[in-house]
Structures are given as C-alpha cells and as structure tokens.
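The block underneath contains the structure these notes are about, expressed in structure tokens.
Convention: sequence-line order gives letters A, B, ...; per-chain numbering from 1.
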Protein chains: 2
Amino acid sequence: MSTTAAKNVNIGEAAKRSGVNAKLIRHYESIGIVPKAGRSDSGYRTYSEADIHILSFVKRSRNLGFSMKEIKKLVGLWRNKSRASSDVKSLAVKHIEDMEQKISELEAMVQTLRHLAKTCHGDGRPDCPILNDLGN
Amino acid sequence: MSTTAAKNVNIGEAAKRSGVNAKLIRHYESIGIVPKAGRSDSGYRTYSEADIHILSFVKRSRNLGFSMKEIKKLVGLWRNKSRASSDVKSLAVKHIEDMEQKISELEAMVQTLRHLAKTCHGDGRPDCPILNDLGN
DNA sequence: TGTGCAGCTTCCAGCAATTGGAAGGTCAAA
DNA sequence: TTTGACCTTCCAATTGCTGGAAGCTGCACA
C-alpha cells in the first residue's frame, strides 16, 4: 500500500544504481536493448526496480564480453519465463569459444612482438630490428 | 636503365601484392597512414615497389594488433632513417603490455562464463543459472 | 517571486577501422 | 564497337559508445 509503493526514479538515479550511465541507457533504449522507459508528466523517463535490474543485467553481460546482439537475445530469454536453458547455454558456450580464439590470437601476437622487442637494443641508435622485421 | 626501370602498378595489383585490399589502400591514404600515391594521366593511382612495401608493413603491423595511430607512428619511424630505436621499442613494449592486459581480462571472462555454463543443464527446461547469475 | 543550477530532453556528430554501394570514367581484348 | 574488368569519388552503414548544443523542468535558496 504505502511502503511497497512503486518508487520509480529518474534516469540519473537509474544510472547510479545500475552502473550504466544515463547517456548509455538512452542509447540502449534507442536500439531496443532495453524496453522503453515510462515517462513522467513532464516527459522524464522513469525507472522501476525491474527496469534497473535489466540494466544491471546488461551491464554484467557486457562485462562478460557479450556483444549487443547476444545481449539482446539474453535479455529476451531472461524476460521470457518459458525459454529453454539450452538456448542460453549454447550462446554462452559459443561465446566462450570466441573468446578463447581471441586469446590465442593475442598470445601469438605477444609472442612475436616479444621476440622482436628482445632483439632491439632500444637506445638512440637508428637501426631497430623491429622495424626491419615488420617490413618483411 | 631498362630492366631496372620503375614498373609502377595500379591499385589492384598493389592490393594483390601487399595483401591490403584496394578499398582499404584508398582509406589508408585518405587518413594519412600511407603517403599519397602517384597518379597516371587518367587519374589512376600508381604504386612503386617501395609503396607496396609500406602497405605490407602496415598489414603486418595490423596483424600484430597495433592501432592505426601506432602504425602511423611506426611508418613514420620506418621511413625516417635517423629515428632512435628506443622510440620503436617503447612503442612495442607498451603494446605488449596492453595485449597482456587484454588477455587476462578475457581469461577472467572465460573463467566466469565457464563456471556459469557448467551449472546450466542445457536442456528444454526454462530455468537456467546463467541468466539468474547474470541478473545479479 | 525570482534566479540559478542541476538534471532532464532531443538531435547531431564523431571515434576506430573498416566495408559496401552507387554513379561514373578508362582500358584492353574480342 | 561493345563488353567487362578495373579505376575514380562520395556517401552510408557497421559496433558501441561518447560528447556537445540547445532547450526544458524541478527544486532549493534569498
């Protein structure tokens, strides 16, 4: 009745609570990642606890490196009580594979560069094997 | 005199030889990564061996994950005979550090996601711990 | 009651680093 | 001559934001 009444907040507060800044919240709304916020009489966006929860969900998913496209799917699955866990799992597994692929690419790059850097004396002299190698 | 004469080529051939496609070569020129190509009477861009070499250099640097900004610097250093090797080395070392940072972030993400995925049965049932965890 | 400022609104523009397309000129072979 | 491959420029889209400008609203303070 009173204490449990909806205490909707403005975008700034929603930003603070979800960890997603206001600019980005509007952006997410505009590209359909999060549902359209309600509006006050004067046109301000209003956010419920549930809305803020979705924003946090998006934030956390981003932190885990999901693309916006994937997150759009995840948010849909999350809001849909009848979704199958297999959908979620396959998305996650695919994503793990992508990240592992990226990690090994980066490791190969580091390997090569470290080798190049080791052969470069790194003083004031003009000749540097890094550049020579890059040129081949 | 004759056999060593400059045999400049069009952008398509330069693309083939450098591994950088024509569209991208024009783009690199427009943003000043590579020097402006010469032009034939009819306005076609022409590329010498040296030009192609620069393009290959850019390609290889990109493969090693350097940003365009860094590559711009590298190309400058490469074309400048009097540069100091310390400039090159510090650029490379900084880049290695950046990549290593990225690798550990990715590894942390994979770790987390792998954990989440393990706890998800991945069948037709609607409840999935991945989504539950993401929501917190 | 004003006034001042924080906070909200929209829209527009740009960042990296490409990629794609449209509309048109050129070159060489058939 | 005509086809077709190649070249030219310019403009737009992509992904995931971030920033600014111009203009409301809301609220405290004098």
Side-chain angles (χ1 to χ4, degrees), chain A residues 7-34 36-47 51-52 54-55 57-75 95 98-99 102 105-106 109, chain B residues 7-34 36-47 51-52 54-55 57-75 95 98-99 102 105-106 109:
Chain A
K7 39 180 165 67
N8 288 2
V9 296
N10 285 346
I11 198 167
E13 184 62 23
K16 229 175 276 173
R17 293 210 210 155
S18 65
V20 181
N21 77 54
K23 207 99 194 186
L24 204 36
I25 294 177
R26 290 191 200 98
H27 177 64
Y28 285 164
E29 180 182 313
S30 80
I31 60 173
I33 294 290
V34 299
K36 291 203 169 192
R39 297 286 181 143
S40 72
D41 290 348
S42 58
Y44 282 21
R45 285 175 180 78
T46 60
Y47 295 86
D51 293 332
I52 292 169
I54 292 176
L55 289 168
F57 177 96
V58 171
K59 170 94 180 180
R60 178 136 159 77
S61 303
R62 280 260 70 194
N63 284 346
L64 288 172
F66 285 98
S67 69
M68 295 321 292
K69 204 169 167 181
E70 290 169 325
I71 292 175
K72 201 163 185 171
K73 263 189 227 161
L74 285 173
V75 172
H95 185 52
D98 290 350
M99 287 195 291
K102 198 151 211 167
E105 282 168 18
L106 281 170
M109 291 179 199
Chain B
K7 42 181 162 58
N8 288 2
V9 297
N10 285 346
I11 199 168
E13 184 63 22
K16 229 176 276 171
R17 293 210 209 155
S18 66
V20 181
N21 77 53
K23 206 97 195 187
L24 207 37
I25 293 177
R26 289 192 201 96
H27 177 63
Y28 285 163
E29 180 182 314
S30 80
I31 60 173
I33 294 292
V34 299
K36 291 202 170 191
R39 297 286 181 144
S40 72
D41 289 349
S42 58
Y44 283 18
R45 284 175 182 79
T46 60
Y47 295 86
D51 293 331
I52 292 169
I54 291 177
L55 289 168
F57 177 96
V58 172
K59 170 94 181 181
R60 176 137 162 76
S61 303
R62 279 262 71 195
N63 284 346
L64 287 174
F66 285 98
S67 69
M68 294 322 291
K69 205 169 165 182
E70 290 168 324
I71 292 175
K72 201 163 182 170
K73 263 189 229 160
L74 285 173
V75 172
H95 185 52
D98 290 351
M99 287 196 290
K102 199 150 213 168
E105 281 168 19
L106 281 170
M109 292 179 198

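Straight-line distance from the CE atom of M68(A) to the P atom of dA13(D): 20 Å, rounded to whole Å. Atom pair I33(B):CD1 and dA17(C):C1' shows a separation of 10 Å (rounding to whole Å applied). Rounded to whole angstrom, the span from the CD atom of E70(A) across to the P atom of dT15(D) amounts to 12 Å. Note: CZ (R45(A)) to C1' (dG7(C)) measures 13 Å, nearest angstrom. Rounded to an integer number of Å, the gap from CG of D41(A) to C1' of dT9(C) is 15 Å. Residue N10(B) contributes atom CG, which lies 14 Å from atom P of dT26(C) at whole-angstrom precision. Atom-to-atom, CD1 of I25(A) to P of dC8(C) comes out at 9 Å; the value is rounded to the nearest Å. When the P atom of dT8(D) is taken as reference, atom CG of L24(B) falls 14 Å away, rounded to whole Å.
In terms of phosphate contacts, Y28(B) brings a side-chain nitrogen or oxygen within less than 4.0 Å of OP1 or OP2 of dT18(C). Residue S42(A) places at least one side-chain N or O closer than 4.0 Å to OP1 or OP2 of dG26(D). Distances shown here put every side-chain N or O of R39(B) at or beyond 4.0 Å from the OP1 or OP2 atom of dT26(C).
A donor-acceptor pair under 3.5 Å is absent between the side-chain atoms of K73(B) and the main chain of M68(B), judged by distance alone. In this structure, the side chain of K59(A) does not engage the main chain of V20(A) through any donor-acceptor pair within 3.5 Å. Not a single donor-acceptor pair under 3.5 Å links the side chain of R60(A) to the backbone N or O of L64(A). Side-chain atoms of E70(B) come within 3.5 Å of backbone atoms of S67(B) as a donor-acceptor pair (strictly under, hydrogens ignored).
Here F66(A) lies out of heavy-atom contact (under 4.0 Å) with every strand. Among the protein residues, S40(A) comes within range of no part of the nucleic acid, since none of its heavy atoms lies under 4.0 Å from any strand. Nucleic acid contact class of R62(B) (heavy atoms, under 4.0 Å, all strands): sugar-phosphate only.
Partner of E29(A) under the salt bridge (Lys or Arg N to Asp or Glu O under 4.0 Å) criterion, chosen from K23(A), R45(A), K36(A): R45(A). For the side-chain contact (heavy atoms from CB on, under 4.5 Å) with I11(B), the lone residue among T46(B), I25(B), N21(B) that qualifies is I25(B).
Judged by distance alone, with hydrogens and angles left aside, Y44(B) brings a side-chain donor or acceptor within reach of the base of dG25(C), the pair sitting under 3.5 Å. Taking 3.5 Å as the limit, the base of dG16(D) and the side chain of K23(A) contain no donor-acceptor pair of atoms between them.
Overall, the helix from dT1(C)-dA30(D) to dA30(C)-dT1(D) carries an axis bend of 30° between its ends, with five pairs at each end and the value rounded to 10°.
At least one side-chain heavy atom of V9(A) sits less than 4.5 Å from a side-chain heavy atom of R17(A).
Which of dT10(C), dT18(D), dT8(D) sits closest to the side chain of R26(B) comes down to dT8(D).
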